[in-house]
Amino acid sequence: MTKLIQWQQIEDSRVILRLDLNVPHKNNTIESDFRISKSLPVINELLKRNNKIIILSHLGRPSVEKKEPSLSLHVVCDHLSAMLGEPIKFINQITDKITFGEHRIVMFENTRFYKGEVDNDPELAKTISSHGDVFVFDAFGVSHRQESSTTGLMNFLDYAPGPLIQSEVNTAKSILEDPKKPLCTIISGAKISTKITLIETFSDKADHLILGGGLLNTYLQCKGFEVGDSLVERDLPQEVLSFFESESAKKIIMPTDLVCSADASLDYPQIKSISMVQSNDKVLDIGTKSIQRYAEIIKKSSTVFWNGPLGYVEKKPYDNGTESIINVLADSNCFSVIGGGDTVSVIENMGVQDQISYISTGGGALLKYIEGKDMYVIEKLGL
Ligand code: ADP
Ligand code: MG
């Protein structure tokens, strides 16, 4: 039988360390090393205690047959090595015997290149476990997945949660269970059906609810406003329709103006009041008056939880609403928690990470945690 242990007490051991190094990358270049930087503390601490480290991570969604070269962890390995100032030996085959030699750290290839990983095959977990003495899990982003390199390994080695997953869970718990009021939640992004449970979870606790992006367009359309040819979700689940009619929906702060474009190129943006949107417009961002209105609410809030960009951030100037609200948060003293891959990218590009109280490394995992769904790894880790 394996047991739960404390990562700080591991010494002189071969530690298998599951990290989430699934970073955005293109043409062999890493576009954001946020997740890598968040993994440095656990590595440095383990090294201080004279441990050797075997790093595991996935990258993207490769097929076991193709092992797409663009999804190799090679680049990530080099990047991590440079950030640590420590050489890392890269190992391709999971069955290869590890010889550390001069190295204190080795890293295996993308866990999803190995047959059995996503099916949580115990044979694969057993093979991986043969390389180490204990298992430390610090990959919050996959804490909703039962795979060989997540829960699977815990059947073969004593296991411990790492410091990152502990702080992720503690932060999420604090805003869920005892948020300092007033609480403002901003839920935005592409599709409301994927975020409705999140909205409902916060709607009781929140004093103000701000919607944006496709979620706002969908809400406005349901309220009878023209939203033209915007990103909206049709065939809404009953859950969403019921929420729009509920008492909690009264906490939604209406925008006053929106940024639209009627041109297929999405050039020629126009700010329009919400009742002036035409059938050929696309709503792509919130307008300046809406930004001011939302900013006032945020400034009076003690806690802000935010997931999802407020507009079509991939194209200027439709990132203005999102960037303006990030600046408001960066300048405020409120406790701000932000999660979601696309939202976090904008913050990083602006370089204001340090002015936000907490930025989560878990995209989907954070949402699942808040929704109270499928957190197999977290349960097993007793967090
Ligand atoms: P996150 O990854 O932060 O959880 P989502 O994946 O839900 O966020 O949504 C982000 C996507 O939604 C971005 O690609 C963004 O361009 C898009 N989006 C937001 N608002 C709009 C809009 N008004 N029109 C078109 N796309 C939008
Ligand atoms: Mg996204």
Side-chain angles (χ1 to χ4, degrees), residues 20 22-24 31-32 34-35 60-61 140-141 144 168 172 185-199 201-202 210-221 225-234 240 255 257-267 269-272 274 277-278 280-287 290-291 294 304-326 329 336-350 353 356 358-371:
D20 177 6
N22 182 29
V23 290
E31 292 176 317
S32 156
F34 173 60
R35 282 179 167 167
R61 293 167 187 261
F140 182 61
H144 55 313
E168 292 273 5
T185 59
I186 309 172
I187 317 274
S188 187
K191 287 175 82 175
I192 194 159
S193 58
T194 61
K195 299 193 179 179
I196 185 65
T197 319
L198 184 68
I199 296 174
T201 306
F202 275 113
I210 292 173
L211 298 181
L215 281 73
L216 176 64
N217 296 343
T218 306
Y219 177 66
L220 291 175
Q221 189 175 56
F225 289 94
E226 176 66 71
V227 290
D229 187 23
S230 304
L231 176 70
V232 283
E233 204 175 340
R234 292 173 217 285
V240 174
D257 54 355
L258 301 163
V259 186
C260 310
S261 178
D263 193 86
S265 67
L266 304 188
D267 291 331
Q270 273 187 300
I271 296 188
K272 294 190 172 181
I274 60 167
V277 177
Q278 306 284 306
N280 58 341
D281 277 326
K282 274 188 167 57
V283 175
L284 297 158
D285 196 11
I286 50 169
S290 303
I291 294 172
Y294 293 170
V304 174
F305 172 78
W306 183 2
N307 171 275
L310 293 165
Y312 182 53
V313 284
E314 288 87 347
K315 186 169 165 71
K316 284 187 182 307
Y318 309 110
D319 53 354
N320 182 52
T322 305
E323 291 201 352
S324 303
I325 298 298
I326 290 172
L329 279 175
S336 46
V337 178
I338 304 186
D342 293 294
T343 324
V344 174
S345 299
V346 181
I347 297 172
E348 282 205 276
N349 291 337
M350 292 170 69
Q353 305 83 303
I356 304 294
Y358 196 86
I359 302 178
S360 176
T361 56
L366 176 68
L367 304 197
K368 293 263 186 203
Y369 181 83
I370 291 171
E371 292 169 0

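Computed from a predicted structure; not experimentally measured. We count ligands from 1, going down the list as the structure has it; atoms in each ligand are counted the same way.
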(message) Regarding atom 12 (O) of ligand 1: of the candidates S230, A190, G339, G341, which has the closest heavy atom?
(response) A190
(message) For the CD1 atom of I356 and the CD1 atom of I326, what is their distance to the nearest 0.5 Å?
(response) 6.5 Å
(message) For K315, state whether at least one heavy atom is located under 4.0 Å from any atom of ligand 1.
(response) no
(request) Quick one: look at V344 and ligand 1, take heavy-atom pairs under 4.0 Å, and tell me if it's side chain, backbone, both or neither. (result) neither
(message) Which residue and atom name correspond to the protein heavy atom nearest atom 4 (O) of ligand 1, and how close is it?
(response) K195 NZ, 3.1 Å
(message) Can a side-chain donor-acceptor contact be found between S261 and Q270 if the only test is distance below 3.5 angstrom?
(response) no
(message) With a 4.0 Å cut-off on N to O distance, would you call K315 and D267 a salt bridge?
(response) yes
(request) Answer yes or no: is there a donor N or O on one side and an acceptor on the other, between the side chain of T322 and the main chain of L310, under 3.5 Å? (result) yes
(request) If you have a sec, work out which protein heavy atom is nearest atom 3 (O) of ligand 1 and how many Å separate them, to one decimal? (result) T343 OG1, 2.5 Å
(message) I need the atoms of ligand 1 closer than 4.0 Å to a non-hydrogen atom of V313, numbered in the order shown.
(response) 16 (O)
(message) With heavy-atom distances below 4.0 Å as the criterion, list the atoms of ligand 1 near P309.
(response) 3 (O), 8 (O), 9 (O), 10 (C), 19 (C)
(request) For ligand 1, find out whether one of its N or O atoms is nearer than 3.5 Å to an N or O atom of D285. (result) no
(request) Ignoring hydrogens and angles, state whether a donor on the side chain of E371 or T201 is under 3.5 Å from an acceptor on the partner side chain. (result) no
(request) Using a cut-off of 6.0 Å, state whether more than 12 heavy atoms not belonging to K272 lie near its atom NZ. (result) yes
(request) Just go through L231, I192, L367 and tell me whose heavy atom is the nearest to atom 24 (N) of ligand 1. (result) L231
(request) Find the distance between CD1 (I325) and CD1 (I210) and round it off to the nearest 0.5 Å. (result) 6.5 Å
(request) Kindly compute the distance separating CG (L258) from NZ (K282), expressed to the nearest 0.5 Å. (result) 15.0 Å
(message) Using a 4.0 Å cutoff against the non-hydrogen atoms of G308, which atoms of ligand 1 qualify?
(response) 3 (O), 8 (O)
(message) If you consider just the N/O/S atoms, which atom of D342 is the closest one to the Mg ion (ligand 2)?
(response) OD2
(request) Compare G311, G364, G212, G214 and give the one whose heavy atom is closest to atom 17 (C) of ligand 1. (result) G311
(message) Is it the case that ligand 1 has an N or O less than 3.5 angstrom from some N or O of S188?
(response) no
(request) Could you find the nearest protein heavy atom to atom 16 (O) of ligand 1 and give me its residue, atom name and distance? (result) E314 OE1, 2.4 Å
(request) Return yes when G363 approaches ligand 1 closer than 4.0 angstrom through a heavy atom, no otherwise. (result) no
(request) Below 4.0 angstrom from a heavy atom of V283, which ligand 1 atoms are there? Numbered from 1 as shown, please. (result) 22 (C), 23 (N), 24 (N)
(message) Out of all atoms in ligand 1, which are within 4.0 Å of some heavy atom of L284? Include the element for each.
(response) 23 (N), 24 (N)
(request) May I ask you to list the atoms of ligand 1 that are less than 4.0 angstrom from any heavy atom of D342? (result) 1 (P), 2 (O), 3 (O), 5 (P), 6 (O), 8 (O), 10 (C)
(request) Indicate whether any N or O donor in one side chain lies under 3.5 Å from an N or O acceptor in the other, for E348 and S32. (result) yes
(message) Are the side chains of V23 and E31 in contact, using a 4.5 Å heavy-atom criterion?
(response) no
(request) Describe, in one word, how the ring planes of F305 and F202 are oriented to each other, choosing from parallel (under 30°), tilted (30 to 60°) and perpendicular (over 60°). (result) parallel
